[in-house]
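Note sheet for the following structure.
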Amino acid sequence: MDDMIFTKNNPSMFNDFKKVIAKEFEMTDIGEMSYFFGVKVKQMRCGIFMSQKKYAEQILKKFRMQDCKLVATPAEPCMKLSVDSTSEQVNPTFFKSVIRSLSYLTISWPDIMYAVGLVSIFMKKPKQDHWVDTKRILRYIKGTVNHGLFYTHFKNSKLVGYSDSDYGGDLDDRKSTSEYLFHLGSATFSWSSKKQQTIALSTCEAEYIAATACTCQAIWLKNILEELSFAQDYPIKIYVDNKSTISLAKNSVPYSQSKHIDTKYHFFC
(Lines give C-alpha, C1' and ligand atoms only; values in the text may rest on other atoms or scores of the structure.)
Protein backbone atom coordinates (compact mmCIF):
# COMPACT_ATOMS: atom_id res chain seq x y z
CA MET A 1 0.00 0.00 0.00
CA ASP A 2 2.87 2.37 0.74
CA ASP A 3 4.06 1.99 -2.89
CA MET A 4 0.66 3.08 -4.09
CA ILE A 5 0.61 6.11 -1.80
CA PHE A 6 4.06 7.13 -3.01
CA THR A 7 3.39 6.74 -6.72
CA LYS A 8 -0.08 8.26 -6.74
CA ASN A 9 0.51 11.25 -4.43
CA ASN A 10 4.23 11.91 -4.65
CA PRO A 11 6.11 9.73 -7.18
CA SER A 12 9.39 11.60 -6.75
CA MET A 13 9.48 10.75 -3.03
CA PHE A 14 9.63 7.03 -3.75
CA ASN A 15 12.36 7.41 -6.36
CA ASP A 16 14.40 9.71 -4.11
CA PHE A 17 14.12 7.18 -1.30
CA LYS A 18 15.52 4.40 -3.52
CA LYS A 19 18.45 6.60 -4.59
CA VAL A 20 19.37 7.43 -0.98
CA ILE A 21 19.22 3.77 0.07
CA ALA A 22 21.32 2.72 -2.94
CA LYS A 23 24.07 5.12 -1.85
CA GLU A 24 24.18 3.69 1.66
CA PHE A 25 23.77 -0.01 0.88
CA GLU A 26 24.74 -2.37 -1.91
CA MET A 27 21.44 -3.23 -3.54
CA THR A 28 19.74 -4.15 -6.81
CA ASP A 29 16.38 -2.82 -7.96
CA ILE A 30 14.45 -5.89 -9.14
CA GLY A 31 11.17 -4.06 -9.66
CA GLU A 32 7.88 -4.42 -7.83
CA MET A 33 7.74 -6.82 -4.90
CA SER A 34 5.86 -10.06 -5.60
CA TYR A 35 6.86 -12.40 -2.76
CA PHE A 36 8.48 -11.63 0.59
CA PHE A 37 9.03 -14.07 3.48
CA GLY A 38 5.90 -16.11 2.87
CA VAL A 39 3.73 -13.12 1.91
CA LYS A 40 2.55 -12.98 -1.70
CA VAL A 41 2.02 -9.47 -3.04
CA LYS A 42 0.09 -9.16 -6.28
CA GLN A 43 0.24 -5.63 -7.65
CA MET A 44 -2.43 -4.69 -10.18
CA ARG A 45 -3.75 -1.50 -11.69
CA CYS A 46 -6.84 -1.70 -9.51
CA GLY A 47 -4.93 -2.33 -6.27
CA ILE A 48 -2.60 -4.56 -4.26
CA PHE A 49 -3.56 -7.99 -2.92
CA MET A 50 -1.59 -9.53 -0.02
CA SER A 51 -1.99 -13.15 1.06
CA GLN A 52 -0.16 -16.00 2.77
CA LYS A 53 -1.94 -18.87 1.05
CA LYS A 54 1.20 -20.87 0.30
CA TYR A 55 2.53 -20.50 3.84
CA ALA A 56 -0.86 -21.39 5.32
CA GLU A 57 -1.04 -24.57 3.22
CA GLN A 58 2.48 -25.49 4.35
CA ILE A 59 1.68 -25.25 8.05
CA LEU A 60 -1.61 -27.13 7.61
CA LYS A 61 0.35 -29.96 6.01
CA LYS A 62 3.14 -29.74 8.59
CA PHE A 63 0.71 -30.18 11.50
CA ARG A 64 -1.46 -32.73 9.62
CA MET A 65 -4.50 -30.51 9.41
CA GLN A 66 -4.82 -30.34 5.62
CA ASP A 67 -7.94 -32.55 5.67
CA CYS A 68 -9.54 -31.08 8.81
CA LYS A 69 -13.17 -30.01 9.13
CA LEU A 70 -13.87 -26.32 8.59
CA VAL A 71 -15.22 -23.85 11.15
CA ALA A 72 -16.72 -20.40 10.68
CA THR A 73 -14.83 -18.62 13.47
CA PRO A 74 -11.25 -18.90 14.85
CA ALA A 75 -12.50 -19.14 18.45
CA GLU A 76 -15.65 -20.23 20.22
CA PRO A 77 -17.80 -17.45 21.70
CA CYS A 78 -16.79 -16.69 25.31
CA MET A 79 -13.81 -19.04 25.07
CA LYS A 80 -12.19 -19.33 28.50
CA LEU A 81 -8.89 -21.12 29.17
CA SER A 82 -6.80 -21.48 32.31
CA VAL A 83 -3.27 -22.45 33.28
CA ASP A 84 -4.73 -24.70 35.99
CA SER A 85 -6.49 -26.95 33.48
CA THR A 86 -6.69 -30.58 34.64
CA SER A 87 -6.60 -32.04 31.11
CA GLU A 88 -3.68 -34.04 29.76
CA GLN A 89 -0.45 -32.19 29.02
CA VAL A 90 0.71 -31.59 25.42
CA ASN A 91 4.28 -31.57 24.10
CA PRO A 92 5.45 -27.95 24.73
CA THR A 93 7.94 -27.95 21.83
CA PHE A 94 5.28 -29.01 19.34
CA PHE A 95 2.76 -26.53 20.76
CA LYS A 96 5.26 -23.64 20.54
CA SER A 97 5.97 -24.51 16.92
CA VAL A 98 2.28 -24.27 16.06
CA ILE A 99 1.89 -20.94 17.89
CA ARG A 100 4.92 -19.43 16.15
CA SER A 101 3.51 -20.42 12.76
CA LEU A 102 0.08 -18.99 13.59
CA SER A 103 1.64 -15.76 14.89
CA TYR A 104 3.29 -15.18 11.52
CA LEU A 105 -0.04 -15.71 9.78
CA THR A 106 -1.49 -12.68 11.61
CA ILE A 107 0.37 -10.54 9.05
CA SER A 108 -2.55 -11.01 6.65
CA TRP A 109 -5.15 -12.66 8.93
CA PRO A 110 -6.14 -9.94 11.44
CA ASP A 111 -9.24 -11.91 12.40
CA ILE A 112 -7.13 -14.61 14.13
CA MET A 113 -5.08 -12.14 16.19
CA TYR A 114 -7.19 -12.41 19.36
CA ALA A 115 -7.46 -16.21 19.29
CA VAL A 116 -3.72 -16.67 18.66
CA GLY A 117 -2.87 -14.28 21.48
CA LEU A 118 -5.15 -16.18 23.85
CA VAL A 119 -3.65 -19.64 23.25
CA SER A 120 -0.07 -18.31 23.17
CA ILE A 121 -0.28 -17.62 26.90
CA PHE A 122 -0.10 -21.37 27.56
CA MET A 123 3.08 -22.19 25.62
CA LYS A 124 5.02 -23.04 28.79
CA LYS A 125 2.67 -25.79 29.99
CA PRO A 126 0.09 -26.49 27.26
CA LYS A 127 -2.79 -28.83 28.02
CA GLN A 128 -5.16 -30.79 25.79
CA ASP A 129 -7.95 -28.21 25.92
CA HIS A 130 -5.45 -25.52 24.88
CA TRP A 131 -4.49 -27.68 21.91
CA VAL A 132 -8.15 -28.21 20.95
CA ASP A 133 -8.70 -24.45 20.71
CA THR A 134 -5.44 -24.06 18.79
CA LYS A 135 -6.58 -26.68 16.29
CA ARG A 136 -9.77 -24.68 15.83
CA ILE A 137 -7.68 -21.77 14.55
CA LEU A 138 -6.04 -24.09 12.03
CA ARG A 139 -9.47 -25.36 10.96
CA TYR A 140 -10.53 -21.74 10.42
CA ILE A 141 -7.37 -21.09 8.39
CA LYS A 142 -8.22 -24.10 6.21
CA GLY A 143 -11.59 -22.58 5.34
CA THR A 144 -10.20 -19.11 4.61
CA VAL A 145 -6.92 -20.09 2.93
CA ASN A 146 -7.77 -18.03 -0.16
CA HIS A 147 -8.48 -14.88 1.84
CA GLY A 148 -6.15 -11.91 2.02
CA LEU A 149 -6.01 -8.12 2.18
CA PHE A 150 -6.91 -6.13 -0.93
CA TYR A 151 -5.85 -2.50 -0.95
CA THR A 152 -7.35 -0.24 -3.61
CA HIS A 153 -6.49 3.41 -4.15
CA PHE A 154 -9.15 5.95 -3.30
CA LYS A 155 -8.42 9.64 -3.67
CA ASN A 156 -10.36 10.47 -0.53
CA SER A 157 -9.65 7.41 1.63
CA LYS A 158 -10.50 8.05 5.27
CA LEU A 159 -8.86 6.52 8.31
CA VAL A 160 -11.44 4.79 10.53
CA GLY A 161 -10.79 2.94 13.79
CA TYR A 162 -12.68 0.27 15.76
CA SER A 163 -12.05 -0.49 19.42
CA ASP A 164 -13.18 -3.36 21.67
CA SER A 165 -12.17 -5.39 24.73
CA ASP A 166 -13.04 -8.61 26.55
CA TYR A 167 -13.77 -7.78 30.16
CA GLY A 168 -11.77 -10.01 32.56
CA GLY A 169 -11.13 -12.52 29.80
CA ASP A 170 -8.06 -14.10 31.42
CA LEU A 171 -9.24 -16.57 34.07
CA ASP A 172 -5.83 -16.60 35.80
CA ASP A 173 -5.11 -12.91 36.39
CA ARG A 174 -8.51 -11.45 35.38
CA LYS A 175 -6.96 -8.91 33.04
CA SER A 176 -8.85 -7.80 29.95
CA THR A 177 -7.58 -7.66 26.39
CA SER A 178 -7.64 -4.49 24.27
CA GLU A 179 -8.24 -4.78 20.57
CA TYR A 180 -8.25 -2.18 17.84
CA LEU A 181 -8.41 -2.19 14.06
CA PHE A 182 -7.99 0.54 11.46
CA HIS A 183 -9.34 0.74 7.92
CA LEU A 184 -8.02 3.01 5.20
CA GLY A 185 -9.96 2.73 1.97
CA SER A 186 -10.81 -0.87 1.14
CA ALA A 187 -9.08 -2.99 3.79
CA THR A 188 -7.61 -3.25 7.24
CA PHE A 189 -4.04 -2.01 7.51
CA SER A 190 -3.33 -1.74 11.25
CA TRP A 191 -4.55 -4.01 14.06
CA SER A 192 -3.63 -5.15 17.56
CA SER A 193 -4.77 -7.48 20.34
CA LYS A 194 -2.92 -6.96 23.62
CA LYS A 195 -3.58 -7.77 27.27
CA GLN A 196 -4.13 -4.70 29.44
CA GLN A 197 -1.54 -3.88 32.11
CA THR A 198 -4.07 -3.20 34.85
CA ILE A 199 -7.13 -5.11 36.04
CA ALA A 200 -10.30 -3.38 34.90
CA LEU A 201 -13.04 -3.21 37.54
CA SER A 202 -15.89 -2.80 35.06
CA THR A 203 -16.72 -3.26 31.38
CA CYS A 204 -16.71 0.53 31.08
CA GLU A 205 -13.13 0.72 32.32
CA ALA A 206 -11.96 -2.15 30.09
CA GLU A 207 -13.52 -0.51 27.02
CA TYR A 208 -12.16 2.90 28.04
CA ILE A 209 -8.58 1.59 28.29
CA ALA A 210 -8.97 -0.10 24.89
CA ALA A 211 -10.33 3.11 23.35
CA THR A 212 -7.37 5.06 24.74
CA ALA A 213 -4.89 2.65 23.10
CA CYS A 214 -6.86 2.99 19.85
CA THR A 215 -6.72 6.79 20.09
CA CYS A 216 -2.94 6.78 20.59
CA GLN A 217 -2.54 4.56 17.51
CA ALA A 218 -4.84 6.83 15.50
CA ILE A 219 -2.66 9.87 16.30
CA TRP A 220 0.50 7.96 15.34
CA LEU A 221 -1.03 6.74 12.06
CA LYS A 222 -2.26 10.23 11.20
CA ASN A 223 1.28 11.61 11.61
CA ILE A 224 2.79 8.81 9.51
CA LEU A 225 0.24 9.29 6.72
CA GLU A 226 0.93 13.02 6.71
CA GLU A 227 4.64 12.34 6.14
CA LEU A 228 3.66 10.12 3.21
CA SER A 229 1.71 13.01 1.64
CA PHE A 230 -1.56 11.30 2.54
CA ALA A 231 -2.77 13.75 5.18
CA GLN A 232 -6.02 13.03 7.03
CA ASP A 233 -7.36 16.57 7.49
CA TYR A 234 -10.46 15.68 9.50
CA PRO A 235 -11.35 14.21 12.91
CA ILE A 236 -10.68 10.47 12.86
CA LYS A 237 -13.73 8.38 13.75
CA ILE A 238 -13.25 5.63 16.36
CA TYR A 239 -16.17 3.27 16.91
CA VAL A 240 -16.77 1.97 20.45
CA ASP A 241 -19.63 -0.40 21.33
CA ASN A 242 -20.03 0.55 25.01
CA LYS A 243 -22.46 3.35 25.91
CA SER A 244 -20.86 4.01 29.30
CA THR A 245 -17.45 4.45 27.71
CA ILE A 246 -18.85 6.84 25.09
CA SER A 247 -20.58 8.88 27.79
CA LEU A 248 -17.44 9.02 29.90
CA ALA A 249 -15.38 10.14 26.88
CA LYS A 250 -17.83 12.94 26.13
CA ASN A 251 -17.81 14.17 29.73
CA SER A 252 -14.30 14.24 31.25
CA VAL A 253 -15.67 14.97 34.75
CA PRO A 254 -15.25 11.63 36.58
CA TYR A 255 -18.31 10.17 38.27
CA SER A 256 -18.14 8.07 41.43
CA GLN A 257 -18.38 4.91 39.31
CA SER A 258 -15.35 5.91 37.22
CA LYS A 259 -12.97 7.42 39.77
CA HIS A 260 -10.97 4.21 39.94
CA ILE A 261 -9.86 4.54 36.31
CA ASP A 262 -6.15 5.32 36.13
CA THR A 263 -5.63 9.03 35.37
CA LYS A 264 -3.40 8.29 32.39
CA TYR A 265 -6.35 6.83 30.50
CA HIS A 266 -8.18 10.17 30.65
CA PHE A 267 -5.91 11.16 27.77
CA PHE A 268 -8.75 9.73 25.64
CA CYS A 269 -10.91 12.73 26.55
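Model, not experiment: these values are computed from the prediction.
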Notebook entry, point to check: Taking only residues two or more places apart in sequence or in another chain, which ones pass salt bridge (charged side-chain N to carboxylate O under 4.0 Å, His left out) with Asp170?
Noted result: Lys195
Margin query: Within the structure provided, determine whether Phe49 and Met44 are in side-chain contact (heavy-atom separation under 4.5 Å).
Written below: yes
For a quick test of your reading: what N or O donor-acceptor pairs under 3.5 Å do the side chains of residues 110-121 make, sequence neighbours left out?
| unit_1 | atom_1 | unit_2 | atom_2 | d |
| --- | --- | --- | --- | --- |
| Asp111 | OD2 | Tyr140 | OH | 2.3 |
| Tyr114 | OH | Asp166 | OD2 | 2.9 |
| Ser120 | OG | Val116 | O | 3.3 |
| Ser120 | OG | Gly117 | O | 2.8 |

Check: Distance-only, no hydrogens or angles: does the Tyr234 side chain make a donor-acceptor pair with backbone N or O of Leu159 under 3.5 Å?
Finding: yes
Margin query: Would the distance check show the side chain of Lys54 and the main-chain N or O of Gly38 forming a donor-acceptor pair, the cut-off being under 3.5 Å?
Written below: no
Item checked: Residues forming a salt bridge (charged side-chain N to carboxylate O under 4.0 Å, His left out) with Lys158, sequence neighbours excluded -> none
Margin query: Strictly distance-based, threshold 3.5 Å: is any side-chain N or O of Gln196 a donor or acceptor partner for the main-chain N or O of Ala206?
Written below: yes
Item checked: For Phe95, all residues meeting ring-ring contact (aromatic ring centres under 6.0 Å, His included), sequence neighbours excluded -> none
Item checked: Same cluster (ILVMFWY, side-chain, under 4.5 Å), Val90 and Val83 -> yes
Next item on the list: Could you go through the side chain to side chain contact (heavy atoms under 4.5 Å, CB included) check for Tyr208 and Ser202 one step at a time?
Entry: CA-CA 10 Å; Tyr208 195 87; Ser202 65; over 6 Å; no
Checklist line | Counterpart residues, ring-ring contact (aromatic ring centres under 6.0 Å, His included), relative to Trp191 (two or more places apart) | finding: none
Next item on the list: Starting at CZ of Arg139, measure out to OG1 of Thr144 and round the result to the nearest 0.5 Å.
Entry: 13.0 Å
Check: Which atoms form the tightest heavy-atom contact between Lys222 and Gln232, and what is the distance?
Finding: CE-O, 2.9 Å
Notebook entry, point to check: Do Tyr162 and Asp164 have side chains that get closer than 4.5 Å, going by heavy atoms?
Noted result: no
Check: Checking Ser85 side chain against Ser82 main chain: does a donor-acceptor pair fall under 3.5 Å?
Finding: no
Next item on the list: Considering non-hydrogen atoms only, spot the tightest contact between Gln66 and Lys61 and give its length.
Entry: OE1-CA, 3.6 Å
Check: Would you say Ser178 and Lys194 make side-chain contact, with heavy atoms under 4.5 Å?
Finding: no
Check: Hey, mind stepping through Val98 and Trp131 against side chain to side chain contact (heavy atoms under 4.5 Å, CB included) and telling me if it holds?
Finding: CA-CA 10 Å; Val98 178; Trp131 170 236; 3.8 Å; yes
Checklist line | Shortest non-hydrogen contact between Phe182 and Cys214, atoms and distance | finding: CZ-O, 3.3 Å
Item checked: Closest approach of Tyr55 to Leu105 (non-hydrogen atoms, all atoms of both residues) -> CD2-CD2, 3.5 Å
Check: Hey, are the side chains of Met65 and Lys135 touching, using non-hydrogen atoms and a 4.5 Å cut-off?
Finding: yes
Item checked: Counterpart residues, side-chain hydrogen bond (donor to acceptor under 3.5 Å, both in side chains), relative to Lys18 (two or more places apart) -> Asp29
Check: Are the side chains of Asn223 and Ile219 in touch, meaning some heavy atoms are under 4.5 Å apart?
Finding: yes
Check: Does the side chain of Ile199 come within less than 4.5 Å of Asp173's, by heavy atoms?
Finding: no
Checklist line | Value rounded to 0.5 Å, distance of CD1 in Ile59 from CD1 in Ile141 | finding: 6.5 Å
Checklist line | Side chain proximity check, Glu207 to Ile246, heavy atoms < 4.5 angstrom | finding: no
Side-chain atoms of residues 67-75: list all donor-acceptor pairs with protein atoms under 3.5 Å, sequence neighbours left out, distances to 0.1 Å.
| unit_1 | atom_1 | unit_2 | atom_2 | d |
| --- | --- | --- | --- | --- |
| Thr73 | OG1 | Ala75 | O | 3.1 |
| Thr73 | OG1 | Arg136 | NH2 | 2.8 |

Next item on the list: Check the hydrophobic clustering (I, L, V, M, F, W, Y; side-chain heavy atoms under 4.5 Å; chains of links allowed) and say if Trp220 and Tyr180 are grouped together.
Entry: yes
Next item on the list: Could you tell me whether the side chain of Ser192 and the main chain of Glu179 form a donor-acceptor pair under 3.5 Å?
Entry: no
Check: Any idea which heavy atoms bring Lys96 and Met123 closest together, and the distance?
Finding: CE-O, 3.5 Å
Margin query: Ignoring hydrogens, what is the shortest heavy-atom contact between Gln197 and Lys175? Give both atom names and the distance.
Written below: O-NZ, 3.3 Å
Note to self: Grouping I, L, V, M, F, W and Y whenever their side-chain heavy atoms are under 4.5 Å apart, do Val20 and Phe25 come out in a common cluster?
What the structure shows: no
Next item on the list: With sequence neighbours left out, write down each residue that passes ring-ring contact (aromatic ring centres under 6.0 Å, His included) with Tyr167, or none if nothing qualifies.
Entry: none
Check: Does Tyr104 offer a backbone N or O that forms a donor-acceptor pair with the side chain of Gln52 under 3.5 Å?
Finding: yes
Next item on the list: Could you list the residues that satisfy side-chain hydrogen bond (donor to acceptor under 3.5 Å, both in side chains) with Asp233, not counting sequence neighbours?
Entry: none
Notebook entry, point to check: Once you round to the nearest 0.5 Å, how far does OG of Ser51 lie from NZ of Lys42?
Noted result: 9.5 Å
Next item on the list: May I have all residue pairs that pass salt bridge (Lys or Arg N to Asp or Glu O under 4.0 Å) and include part of residues 86-95, sequence neighbours excluded?
Entry: none
Note to self: Just to verify, what does His147 make a side-chain hydrogen bond (donor to acceptor under 3.5 Å, both in side chains) with, not counting sequence neighbours?
What the structure shows: none
Margin query: Would you say Val39 ends up clustered with Val145 if hydrophobic residues are merged whenever their side chains have heavy atoms under 4.5 Å apart, either directly or through other cluster members?
Written below: no
Note to self: Could you see if Ile236 belongs to whatever hydrophobic cluster contains Phe189? Use Ile, Leu, Val, Met, Phe, Trp, Tyr and a side-chain cutoff under 4.5 Å.
What the structure shows: yes
Checklist line | Donor-acceptor pair, side chain of Ser101 and main chain of Ser97, under 3.5 angstrom | finding: yes
Check: Quick one: ring-ring contact (aromatic ring centres under 6.0 Å, His included) partners of Phe63, sequence neighbours excluded?
Finding: Phe94
Note to self: Could you tell me if Gln217 and Ser190 have a donor-acceptor pair between their side chains, going purely by distance under 3.5 Å?
What the structure shows: yes
Check: Atom OG1 in Thr86, atom CG in Asp129: separation rounded to 0.5 Å?
Finding: 7.5 Å
Checklist line | Student check: side-chain heavy atoms of Leu102 and Leu138 closer than 4.5 Å | finding: yes
